[in-house]
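No hydrogens, no waters, no symmetry mates; every other heavy atom, side chains included, goes into these values. These figures come from a predicted structure and were not determined experimentally.
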Amino acid sequence: MTKREEEILELLKRDPLISQKDLSECLGITRSSVAVHITNLIKKGYILGKGYVLKEDEYVVVIGGANIDIQGVPYSSLVRNDSNPGEVTMSAGGVGRNIAENITRMGADVKLITALGDDPYGQKLMNDCIEAGIDMSATTIFNDASTSTYLSILDGEKDMDVAIAHMSLFDRMTVDLIKKKHSVIQHAKLIVLDTNIPRETIEYILNTYTHIPIYLDTVSSAKAKKVLDLIGRFHAIKPNRIEAELLTGIKVSDENSLKLIGEKLLAKGVKNVYISLGDEGVYYTDGNESAWLRSPKIDIVNATGAGDAFIAGLVYGHLNNYAINKRTKHAMGASMVALRHKETINPNISLETINNILKEYDLC
């Protein structure tokens, strides 16, 4: 046990219900650092996770995918059916995990519920998440499975050309597994789901936690199909152009078609709709206010993490009671910060960098 962990454990013995905020103030460290130490104490068995861990400040629960991202980028234009000189990188990824890290870096507390294999990739993901400040105490490690892997090839414009997703491990995120996490989920301020988890699990969460706003990341058009008949039960969704067409049967052609899509999704029961339009921006509506927020032109280094950062920005805006216009701008700012870095998660993303880029492009 480290000296800092001993200090935290002593404070917990004196007051088992002390918050992470109070711990950080007592010790003169950040709240995210406290979260890392708490997670380490849980892993080492000094905290069982039944008292203090469940009675802390408001937090977000993210339920979804975590995987290793292996990405290839050609030095020039991508040539199909040939070997392309370029660069290959490996990093922690997964839609749910990426959203969780982005939210954490904005200053909110996050608990990630995902599945990892008991292998080097799984250990790397666990360590990277803990280092980032994500609470991993509710994540399940399977001894007989391999950690999920996402292999992608970008084109010469730094956009994804083709990818292979090895995600079968998430089929084991069953209803029974989620039931075991009830004590964590039931106290969440907000839940974020991605469609990597089974449909039955998504439906169970929607049926069980009706008192908590649930945000959905559709992930892909193929995976969005599993929630076609459930879509109206989410508080907020962020489909891209193709996914929005799939969910409504309406083709995106102009602003009027976007309005019709928004109206149809709201009529189904969704409270907030955000339609991602790539470099054309985002259309948003909550029934009272709607607009097409155009995206400014920026130099793109890597486009793969922009959507995850956008969702995280929406969540932060929700937690801080931002109006939908301000919430969408904050989310766009987060995605722009993500676009400027070669890694899927820009390690510099924070409230400060988001606010700075919004000022830079006059989006405040």
Side-chain angles (χ1 to χ4, degrees), residues 62-74 78 80-81 83-104 110 112-132 134 136 138-155 158-174 177-178 192-199 201-202 217-226 240 243 301-309 311-312 338 341-347:
V62 178
I63 307 174
N67 52 260
I68 288 294
D69 281 341
I70 301 174
Q71 184 179 95
V73 184
L78 181 67
R80 288 292 192 91
N81 303 313
S83 177
N84 288 255
E87 181 180 1
V88 176
T89 58
M90 182 178 73
S91 61
V95 173
R97 197 216 70 85
N98 290 347
I99 293 170
E101 181 173 344
N102 277 304
I103 298 171
T104 300
V110 182
L112 176 61
I113 298 177
T114 190
L116 302 176
D118 186 14
D119 54 23
Y121 282 172
Q123 189 60 57
K124 174 177 171 54
L125 284 170
M126 178 65 76
N127 292 340
D128 285 357
C129 287
I130 290 173
E131 185 177 347
I134 302 169
M136 297 294 287
T139 283
T140 300
I141 298 176
F142 290 93
N143 296 326
D144 59 344
S146 298
T147 299
S148 299
T149 308
Y150 182 79
L151 173 64
S152 64
I153 303 297
L154 306 190
D155 60 22
K158 305 298 190 298
D159 215 344
M160 196 266 283
D161 183 85
V162 67
I164 296 176
H166 177 204
M167 306 290 176
S168 57
L169 178 59
F170 301 133
D171 292 338
R172 298 173 71 167
M173 293 183 67
T174 61
L177 184 146
I178 294 300
V192 181
L193 299 181
D194 74 37
T195 53
N196 283 305
I197 63 179
R199 183 197 182 283
T201 303
I202 294 173
D217 191 305
T218 43
V219 179
S220 68
S221 57
K223 292 181 179 180
K225 292 178 182 178
K226 69 174 70 173
N240 62 23
E243 293 158 359
V301 178
N302 181 2
T304 57
D308 302 331
I311 285 279
H341 201 275
K342 66 178 182 178
E343 296 180 16
T344 304
I345 304 286
N346 187 332

Taking all atoms of both residues into account, what is the closest heavy-atom pair of [X] and [Y], and its distance?
| X | Y | value |
| --- | --- | --- |
| L125 | A92 | CD2-CB, 3.6 Å |
| L112 | R97 | CD2-CG, 3.8 Å |
| G305 | A338 | O-CB, 3.9 Å |
| Y150 | A163 | OH-CB, 3.2 Å |
| D171 | P198 | O-CG, 3.7 Å |
| L116 | G122 | CD1-O, 3.7 Å |

Do [X] and [Y] get their side chains close enough for a donor-acceptor pair, meaning under 3.5 Å?
| X | Y | answer |
| --- | --- | --- |
| E243 | S221 | no |
| S91 | D69 | no |
| N127 | Q123 | yes |

Is there side-chain contact between [X] and [Y], with heavy atoms separated by less than 4.5 Å?
| X | Y | answer |
| --- | --- | --- |
| S146 | Y121 | no |
| M90 | V88 | no |
| V192 | I63 | no |
| S152 | M160 | yes |
| N102 | T104 | no |
| E343 | Q71 | no |
| T149 | N67 | no |
| N98 | T344 | yes |

### Task
Count the heavy atoms belonging to other residues, nucleotides or ligands that lie under 6.0 Å from CD1 of I164, then report whether that count exceeds 12.
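No, not enclosed.
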
For the [atom1] atom of [X] and the [atom2] atom of [Y], what is their distance to the nearest 0.5 Å?
| X | Y | atom1 | atom2 | result |
| --- | --- | --- | --- | --- |
| D119 | T147 | CG | OG1 | 3.5 Å |
| I130 | M136 | CD1 | CE | 6.5 Å |
| I113 | I178 | CD1 | CD1 | 5.5 Å |
| I311 | D217 | CD1 | CG | 4.5 Å |
| L78 | N84 | CG | CG | 5.0 Å |
| D118 | M126 | CG | CE | 10.0 Å |

### Message
Exactly one of N196, T218, T195 should register a side-chain hydrogen bond (donor to acceptor under 3.5 Å, both in side chains) with K223. Which one does?
### Response
N196

### Message
Please check: side-chain N/O of D194 versus main-chain N/O of G65, any donor-acceptor pairing under 3.5 Å?
### Response
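Here the side-chain-to-backbone pair exists.
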
### Query
Has the side chain of T201 got a donor or acceptor atom that lies under 3.5 Å from a matching backbone atom of I197?
no

### Task
Step by step, work out the salt bridge (charged side-chain N to carboxylate O under 4.0 Å, His left out) result for D161 and R80.
CA-CA 10 Å; D161 183 85; R80 288 292 192 91; 2.6 Å; yes

### side chain to side chain contact (heavy atoms under 4.5 Å, CB included) assessment of E101 paired with I345
CA-CA 8 Å; E101 181 173 344; I345 304 286; 3.5 Å; yes

### Task
Report the C-alpha separation of T304 and D159 in whole Å, then their side-chain angles, then the decisive distance to 0.1 Å, and conclude whether the side chain to side chain contact (heavy atoms under 4.5 Å, CB included) test is met.
CA-CA 7 Å; T304 57; D159 215 344; over 6 Å; no

### Query
Please walk me through it: do K342 and V301 pass side chain to side chain contact (heavy atoms under 4.5 Å, CB included)?
CA-CA 5 Å; K342 66 178 182 178; V301 178; 3.9 Å; yes

